[in-house]
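Have a look at the structure below, then the notes.
The first residue in the sequence is number 1, and the count goes up from there.
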Amino acid sequence: MSNPARRALYGEWLARQERGEMYVAVAEVDGVLVGSRCLDLVCGAEDVAYGFGAHVLPEWRRRGVASAMEKHLEAVAIARGKRRCRSRAVKHNALAIRWHEAVGDVCIGEDVARWTEPDGTEVERECWIFERWFRDDGQGRPAR
């Protein structure tokens with residue numbers, strides 16, 4: 001990767017993963033990175049994980065890559081004692097909203113997300129907040 005700022009961000013994510021604060025899932029096909037998604041394990045409430053940083057290369061979308069990563073991240077979260085996952089989707093990102101709904105996420109509100117891109121650009125976006133309870137009873141009921 002030639003972008004030093006992005007490389008530094010990924011280095012920070014991996015350091016957090018080594019400390020057990022975060023989990024970074026990657027999808028590879030024939031040695032090529034085709035997708036990634038992160039799970040923050042210390043973001044707030046004790047039983048909540050926070051999913052973010054989802055990306056799948058356009059040519060690999062609608063082929064189950066994101067769903068496979070999400071299934072894996074759910075297993076990781078459950079193993080770490082989490083019962084639900086929250087995430088955000090930018091309001092104008094119809095593809096992300098449809099994906100959240102397809103995996104069983106429910107919109108529970110809205111807010112404004114703010115972050116700094118690796119190049120230093122400050123970003124502010126209106127987002128929907130999604131939440132999904134993990135299921136562990138085999139009957140589709142939330143594990144509350």
Quiz item: Run the side-chain contact (heavy atoms from CB on, under 4.5 Å) check on Ser87 and His100 step by step: do they pass?
Solution: CA-CA 9 Å; Ser87 53; His100 280 285; 2.9 Å; yes
Quiz item: Does the side-chain contact (heavy atoms from CB on, under 4.5 Å) test come out yes or no for Val112 and Glu124, once each step is laid out?
Solution: CA-CA 7 Å; Val112 175; Glu124 180 175 291; 3.2 Å; yes
Exercise. Determine, step by step, whether His72 and Val76 satisfy the side-chain contact (heavy atoms from CB on, under 4.5 Å) criterion, reporting the C-alpha distance in whole Å, the side-chain angles of both residues, the deciding distance to 0.1 Å, and the verdict.
Key: CA-CA 6 Å; His72 176 70; Val76 168; 3.8 Å; yes
Quiz item: Which residue, Arg83, Arg88, Arg86, forms the salt bridge (Lys or Arg N to Asp or Glu O under 4.0 Å) with Glu131?
Solution: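 For Glu131, the salt bridge (Lys or Arg N to Asp or Glu O under 4.0 Å) check succeeds only for Arg86.
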Practice problem: Without swapping roles, check the side chain of Arg63 against the backbone of Glu59 for a donor-acceptor pair under 3.5 Å. | Solution: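 Yes; at least one donor-acceptor contact below 3.5 Å.
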Quiz item: Is the side chain of Gln17 donor-acceptor paired with the backbone N or O of Val24 at a distance under 3.5 Å, no angle test?
Solution: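 Yes: the side chain of Gln17 pairs with the backbone of Val24.
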Determine the minimum heavy-atom distance between [X] and [Y], stating which atoms define it.
| X | Y | value |
| --- | --- | --- |
| Gly35 | Met69 | C-SD, 3.7 Å |
| Trp128 | Ile97 | CD1-CD1, 3.7 Å |
| Leu73 | Ala25 | CD2-CB, 3.8 Å |
| Ala49 | Leu39 | CB-CD1, 3.6 Å |
| Lys82 | Glu46 | NZ-O, 2.8 Å |
| Val90 | Arg125 | CG2-CB, 4.0 Å |

Quiz prompt | Check against salt bridge (charged side-chain N to carboxylate O under 4.0 Å, His left out), Glu74 and Arg132 | solution = CA-CA 10 Å; Glu74 184 172 319; Arg132 177 171 16 110; 2.9 Å; yes
Quiz item: Are Tyr10 and Val26 linked, directly or through other ILVMFWY residues, by side chains that come within less than 4.5 angstrom of each other?
Solution: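 Yes, one cluster joins them.
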Quiz item: So if you build clusters from Ile, Leu, Val, Met, Phe, Trp, Tyr with side-chain heavy-atom gaps below 4.5 Å, do Phe130 and Ile108 land together?
Solution: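 Different clusters: Phe130 never reaches Ile108 through Ile, Leu, Val, Met, Phe, Trp or Tyr contacts under 4.5 Å.
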Exercise. May I ask you to check whether Glu101 and Trp99 show a side-chain donor-acceptor distance below 3.5 Å?
Key: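 Their side chains do not contain a donor-acceptor pair, so the 3.5 Å distance test is not met.
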Practice problem: Please say whether the positively charged group of Arg16, taken as NZ for Lys or CZ for Arg, lies over the ring of Trp13, i.e. under 6.0 angstrom from the six-membered ring centre and within 45 degrees of the axis. | Solution: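 Not flagged: Arg16 not positioned over aromatic ring of Trp13.
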Exercise. For side-chain contact (heavy atoms from CB on, under 4.5 Å), just list the numbers for His55 and Arg37, CA-CA rounded to whole Å, side-chain angles, deciding distance to a tenth of an Å, and then say yes or no.
Key: CA-CA 6 Å; His55 178 72; Arg37 181 153 163 85; over 6 Å; no
Sub-4.5 Å side-chain heavy-atom contact between [X] and [Y]:
| X | Y | result |
| --- | --- | --- |
| Leu41 | Glu21 | no |
| Val103 | Ser67 | yes |
| Met22 | Cys38 | yes |

Quiz item: Heavy-atom count around Glu28 CD within 6.0 Å, excluding the residue itself: above 12?
Solution: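 Yes - once you tally the heavy atoms of other residues, nucleotides and ligands closer than 6.0 Å, there are more than 12.
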Exercise. Determine whether more than 12 heavy atoms belonging to other residues, nucleotides or ligands lie under 6.0 Å from atom NZ of Lys91.
Key: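 Counting other residues, nucleotides and ligands, NZ of Lys91 exceeds 12 neighbours.
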Practice problem: Walk me through it: do Glu122 and Arg114 pass the test salt bridge (charged side-chain N to carboxylate O under 4.0 Å, His left out)? | Solution: CA-CA 7 Å; Glu122 297 291 326; Arg114 294 172 183 85; over 6 Å; no
Quiz item: To the nearest 0.5 Å, how far apart are CG in Asp105 and CH2 in Trp133?
Solution: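 It comes to 13.5 Å.
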Exercise. Quick one: pull up CG in Leu14 and CG in Leu9 and give me the separation to the nearest 0.5 Å.
Key: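 So the gap between those two atoms works out to 9.5 Å.
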Practice problem: Specify whether Tyr50 and Phe52 have parallel, tilted or perpendicular ring planes, treating 30° as the upper limit for parallel and 60° as the lower limit for perpendicular. | Solution: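 Rings of Tyr50 and Phe52: parallel, as their planes differ by under 30°.
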